[in-house]
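Quick note on labels: first sequence line is chain A, next is B, and so on, each numbered from 1.
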2 protein chains.
Amino acid sequence: MSTRTDAPTRREQILKEAARLFAERGFHGVGVDEIGAAVGISGPGLYRHFAGKDAMLAELLVGISERLLSGGRLRAEESPADPEALLASLIDSHIDFALDDRPLITLHDRELDRLRESDRKQVRRLQRHYVELWVTAVRALHPRVPESEARAAVHAVFGLLNSTPRLADRDDGPAARTATESLLRRLAHGAFAALSPPSEDGV
Amino acid sequence: MSTRTDAPTRREQILKEAARLFAERGFHGVGVDEIGAAVGISGPGLYRHFAGKDAMLAELLVGISERLLSGGRLRAEESPADPEALLASLIDSHIDFALDDRPLITLHDRELDRLRESDRKQVRRLQRHYVELWVTAVRALHPRVPESEARAAVHAVFGLLNSTPRLADRDDGPAARTATESLLRRLAHGAFAALSPPSEDGV
DNA sequence: CAAGCCTGTTAGCGGTCGTTAACCTGAGAG
DNA sequence: CTCTCAGGTTAACGACCGCTAACAGGCTTG
């Protein structure tokens with residue numbers, strides 16, 4: 001398994017450009033001709049690779065949801081008994097996704113309702129499992145916090161981490177990326193820390 | 001000036017329903033016939049009240065942006081010399097808007113690009129001033145934090161606070177609302193608190 | 001009571017969009 | 001050398017959408 005030095009498939013090109021365009025102008029705001037033009041072919045040519053426009057969106061959303069979940073599960077296995085390290089690891093993993101696949105993170109919580117019923121159900125199932133992973137981690141660290149509140153906090157922190165697309169459209173090099181990572185990490189930890197009131201004495 | 005017990009104008013009905021539909025299915029995903037049907041008239045009837053679909057979106061986005069900014073300015077005047085109280089006040093004000101006008105908060109950062117150039121510029125100007133209000137408040141409280149970082153943190157906290165639409169679609173009564181307010185307030189304060197490292201000694 | 005505006009209706013136009021049909025071409029396989 | 005087929009092309013169809021035109025009913029007003 002090399003680190004993908006080979007050229008991307010046509011399918012992959014299409015998915016990447018479609019993600020970018022959908023994120024920029026919304027699913028209904030992008031025509032198939034535009035997507036085709038973005039990869040150098042004409043609109044109907046896309047139908048050699050996808051069943052339709054809906055299928056592209058479905059593959060994008062299912063894909064990002066699966067990758068988020070499996071990334072989260074990996075982290076959960078790595079930190080089996082250390083709640084603090086687990087939550088930190090989940091946060092880092094999510095930040096990586098948010099910074100690597102900005103358009104997908106945008107689509108992920110914006111165009112879900114444009115999916116066919118079955119695809120939407122699948123994406124929602126994956127999302128729910130991912131959230132449960134986080135809720136479990138948060139409650140392990142903050143046992144007195146009720147589940148509904150933990151879940152709301154997790155969604156809110158997702159909102160915080162997913163604000164990335166609105167920052168730094170241009171690539172300012174790896175330094176800026178590291179700085180953004182560090183900032184988001186601190187903000188997320190700070191938010192979660194506010195869940196339990198600070199204890200005056202030790203644990 | 002009473003507290004509006006009178007019936008809403010037709011224009012206001014239309015704006016409210018349009019906001020809901022735009023937030024649910026996206027600007028391009030809603031037809032004028034649907035908006036009309038939502039207020040009991042047929043599609044073209046809307047043109048007695050608005051110049052077009054674009055004009056409805058423009059009025060919605062300019063409106064929420066203006067209200068956010070003027071709300072923020074009001075708070076800034078109330079807490080002229082107390083940075084901590086000012087930031088707390090800005091947070092409370094924003095939470096109120098987010099909980100009162102959930103669809104508008106959604107549209108506000110999602111459908112901006114569907115506006116005509118001039119409207120978009122106006123909304124962006126209002127948004128920029130609003131962000132500046134927050135950045136100033138944050139930097140008064142955390143003087144060592146560089147401006148770019150403060151600005152990124154403000155955007156991230158907006159993402160946190162604006163996650164509200166994804167929670168609690170149904171009205172669970174005023175108790176749930178108070179709980180959500182309190183949670184968001186704590187999370188936002190916790191996030192900002194993480195900007196400056198906690199000082200071991202006093203100030 | 002008549003005039004006129006306000007607010008609604010229905011019919012329809014022009015344009016766009018997703019998709020299909022029909023055709024073409026170049027690279028491998030036998 | 002020919003057959004096949006993956007991966008393109010253009011033309012066109014049907015549906016839909018935003019918007020305008022033309023018309024109508026009901027208040028308000030002089």
Taking only nitrogen or oxygen atoms into account, show me every contact under 3.5 Å that the protein makes with nucleotides 5-7 of chain D, one pair per line with its distance.
none

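- By the 6.0 Å and 45° rule, B:R11 stacks over the aromatic ring of B:F50.
- Between A:K16 and A:E12 no salt bridge is recorded (no basic side-chain N to carboxylate O distance below 4.0 Å).
- By the ring-ring contact (aromatic ring centres under 6.0 Å, His included) test, A:F22 pairs with A:F27, sequence neighbours left out.
- Note on A:R124 versus A:D113: salt bridge recorded, some NZ/NE/NH1/NH2 to OD/OE distance being below 4.0 Å.
- Side-chain contact check for A:N162 and A:H94: at least one donor-acceptor pair (N or O, by modelled atom type) lies under 3.5 Å.
- Across all strands shown, A:G52 has heavy atoms under 4.0 Å from sugar-phosphate atoms exclusively, and none from any base.
- Rounded to whole Å, atom C1' of D:dT20 lies 19 Å from atom CZ of B:F50.
- In this entry the distance linking NZ of B:K53 with P of D:dG18 reads 4 Å, nearest Å.
- If you take NE2 of B:H28 and P of D:dC17, they are 13 Å apart, rounded to a whole angstrom.
- A salt bridge is absent between A:D119 and A:R114: the closest approach of a Lys/Arg side-chain nitrogen to an acidic carboxylate oxygen does not fall below 4.0 angstrom.
- Contact annotation for B:V39: no contact, since no heavy-atom pair falls under 4.0 Å across all strands.
- Ring pair A:F158/A:Y130 is parallel by interplanar angle, where below 30° counts as parallel and above 60° as perpendicular.
- The outermost nucleotides of DNA chain C lying under 4.0 Å from heavy atoms of chain B, listed 5' to 3', are C:dT7 to C:dA11.
- In summary, A:R151 and A:E147 engage in a salt bridge, as defined by a charged side-chain N under 4.0 Å from a carboxylate O.
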